[in-house]
Amino acid sequence: MKYDNITYIVIGTVLFIVVIIFSLYITKNKKKKGYKKILDDLEVQKNLIGSIPVTLEISKIDSMNKNEDLKEKYDKWNKKIDYIKNELLTSIDDQLIELDTFYDKGDYSTCDKQIAVCELEMCKIKKYTEDLLLEIKEITSSEEKYRSNIIKFKAKYRKINNEYHNHNQLYDEMQESINLQLENIEKMFLNFEKAMDENDYAEVVHIIKALTAMTTQMEQVIHETPDLMVMAKELIPQKIKEVCDTSKELEEEGYPLDYLNLDYNIEEARKNVESVLDRVRVLNLEDCTIELKTILDYLDSLFVDFEKERLSKKVYDEISKDFAKKLAKTNEIVEDVTSQLDKIESTYDLSESDVVTIKDEEKILVVINDDYKKMISKVENKSTPYSELHKEVEELTVRLKNVTEQLDGTLKSLGTMYEDEQRAREQLEEIEKFLKASKAIIRDYKLPVISDKYFVQLNEANEAISEVISELSKKPIVIKTLNTRVDTARDLVLKLYNTTSDMTKVATLSERCILYANRFRDFHSGINKSLDMAEKEFFKGNYQKALDYSFRALDSVDNHIVLRIQEISELIHL
């Protein structure tokens with residue numbers, strides 16, 4: 001049993017060792033294949049560098065006419081090609097051989113370092129070779145490239161030339177400059193052919209740049225000049241004339257236009273137009289269109305200003321007339337109030353705030369009057385445009401409105417005091433009439449007895465009237481107290497009048513009932529007691545009790561007699 005266990009252990013150990021050895025072999029073999037692939041790729045990259053067609057490209061120059069500059073470049077490029085083939089690529093071959101040696105030996109550590117160095121060198125050689133190829137192609141492909149460019153320039157030139165000659169009347173005094181420039185472009189085409197024949201590509205580059213600038217400039221000149229000439233020689237002079245005519249007309253009508261500084265600005269506009277024309281004549285169109293459009297915009301804006309002045313004057317005339325009337329009316333009212341302020345203060349018990357308000361309003365109105373005079377002075381001197389005067393008169397109108405509103409409140413308060421005083425005097429007359437009427441009624445009815453209560457009411461009414469008269473005679477009058485006195489007197493007198501009326505009515509009715517009931521004393525003995533009591537109360541002055549007793553006496557005679565007496569009594573009073 002022990003023997004079997006040892007056997008299993010030995011077998012397991014052997015298998016484990018075999019597996020490790022096999023794994024190491026596989027790993028080493030895989031690593032070796034990886035390095036082999038890297039070396040093969042480096043070989044391919046070296047061959048690709050060697051196959052870059054610099055030799056083929058430089059051979060195209062052999063058939064060209066070489067000037068001194070091109071011959072110098074040709075010799076220089078040949079030296080670079082020899083340097084690439086004989087030195088740079090040979091160096092790479094040596095490095096690849098060394099890599100093969102390290103690979104065969106299994107020295108992968110050194111191999112890694114050498115691979116990195118080799119890859120870096122090949123990148124440099126590839127870049128060097130490709131740059132050389134581009135330099136050579138710059139010459140070998142120049143003819144085709146430049147010929148293509150010159151064809152485009154010639155097509156553009158023909159188009160420009162045709163457009164110019166078809167409409168040469170539009171270019172006026174610029175024709176000489178344009179013809180000269182067109183001739184210069186044609187000369188540049190001839191110079192191009194000469195430079196190409198001599199393979200003078202440096203000169204060709206300069207010619208292409210010159211043609212680019214010249215054709216671009218002429219295209220702009222041909223396209224923009226007609227519009228520029230129309231603006232400079234027709235539109236702007238016409239606009240200037242219209243501005244001058246309109247401004248002269250407005251000034252004759254009294255419009256102040258100095259703030260626009262027209263003479264200076266128009267003169268500057270003319271100078272700028274001449275400056276633009278001078279530049280156009282030498283075919284310098286830079287910013288010319290912008291400058292002329294700016295001048296046109298300015299001239300158009302002047303018509304907007306003119307119309308604004310017309311509208312502002314119209315509004316100013318309307319508002320200023322209305323303002324002048326309101327100001328004069330307000331001045332008159334304030335002057336009237338302030339001139340009578342001492343009298344008003346002595347007449348009425350004004351509050352301190354009312355007096356302060358009136359004085360403040362007077363001060364504010366003085367300032368408004370001063371500002372209005374200044375504004376009128378500006379109008380007379382024609383120193384300020386109506387657009388500003390319009391705003392000033394609107395502001396003055398608002399300020400005056402605020403003053404008038406406050407003034408209206410104050411005048412309303414004063415008016416209320418005066419109305420209260422007049423109403424108090426009128427009511428005093430009415431109250432006195434009611435008092436006299438009450439006394440007349442008492443005298444006319446000649447009642448046997450008048451109660452003390454009635455005399456108390458009469459005294460209260462007389463005292464109340466006296467207090468009203470006293471308040472009206474005071475200086476200043478306290479309106480609140482006066483109104484209270486008037487209300488009290490009115491209530492007391494009306495109460496007295498009603499008491500007088502009711503008392504005389506009841507007394508008269510009771511007297512009539514007693515006289516009527518006396519007819520029945522001999523026929524109805526049952527009424528005597530009530531009738532006696534009625535007469536007794538009547539002479540005591542208790543007229544209501546006398547009436548009640550007389551109604552009781554009559555009711556025993558005829559229960560409808562009382563209603564008939566009341567109806568008769570009402571008819572009598574009517």
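Heads up: numbering here begins at 1 and tracks the sequence. Being a predicted model, the structure only gives us computed values, none of them experimental.
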Q: Please report the closest heavy-atom contact between F538 and S510, naming both atoms and the distance.
A: CD1-OG, 3.5 Å
Q. So which heavy atom on Y298 is nearest to which on L260, and how close?
A. OH-O, 4.2 Å
Q | side chain to side chain contact (heavy atoms under 4.5 Å, CB included) against L296, all qualifying residues, sequence neighbours excluded | A | M231, L235, I236, K239
Q: Measure the CD-CD1 distance between E291 and I295 for me, rounded to the nearest 0.5 Å.
A: 7.0 Å
Q | Carboxylate-amine/guanidinium contact K241 D245, below 4.0 Å | A | yes
(Q) Any salt bridge linking K391 with E394? Criterion: basic side-chain nitrogen under 4.0 Å from a carboxylate oxygen. (A) no
Q: Please collect all salt bridge (charged side-chain N to carboxylate O under 4.0 Å, His left out) contacts where either partner lies in residues 156-165, sequence neighbours excluded, each pair once.
A: K156-E219
Q.
Please determine whether a side-chain nitrogen of the Lys or Arg among K378 and E392 lies less than 4.0 Å from a carboxylate oxygen of the Asp or Glu.
A. yes
Q. With respect to E309, which candidate in Y255, Y316, Y259 satisfies the side chain to side chain donor-acceptor pair (under 3.5 Å) definition?
A. Y259
Q. Could you give all pairs that pass the side-chain hydrogen bond (donor to acceptor under 3.5 Å, both in side chains) test and reach residues 491-500, with sequence neighbours left out?
A. Y454-T500, Q457-T499
Q.
Could you check whether any side-chain heavy atom of I178 comes within less than 4.5 Å of a side-chain heavy atom of I222, counting everything from C-beta outward?
A. yes
Q | Closest non-hydrogen atom pair, S550 against C513 | A | OG-CB, 3.4 Å
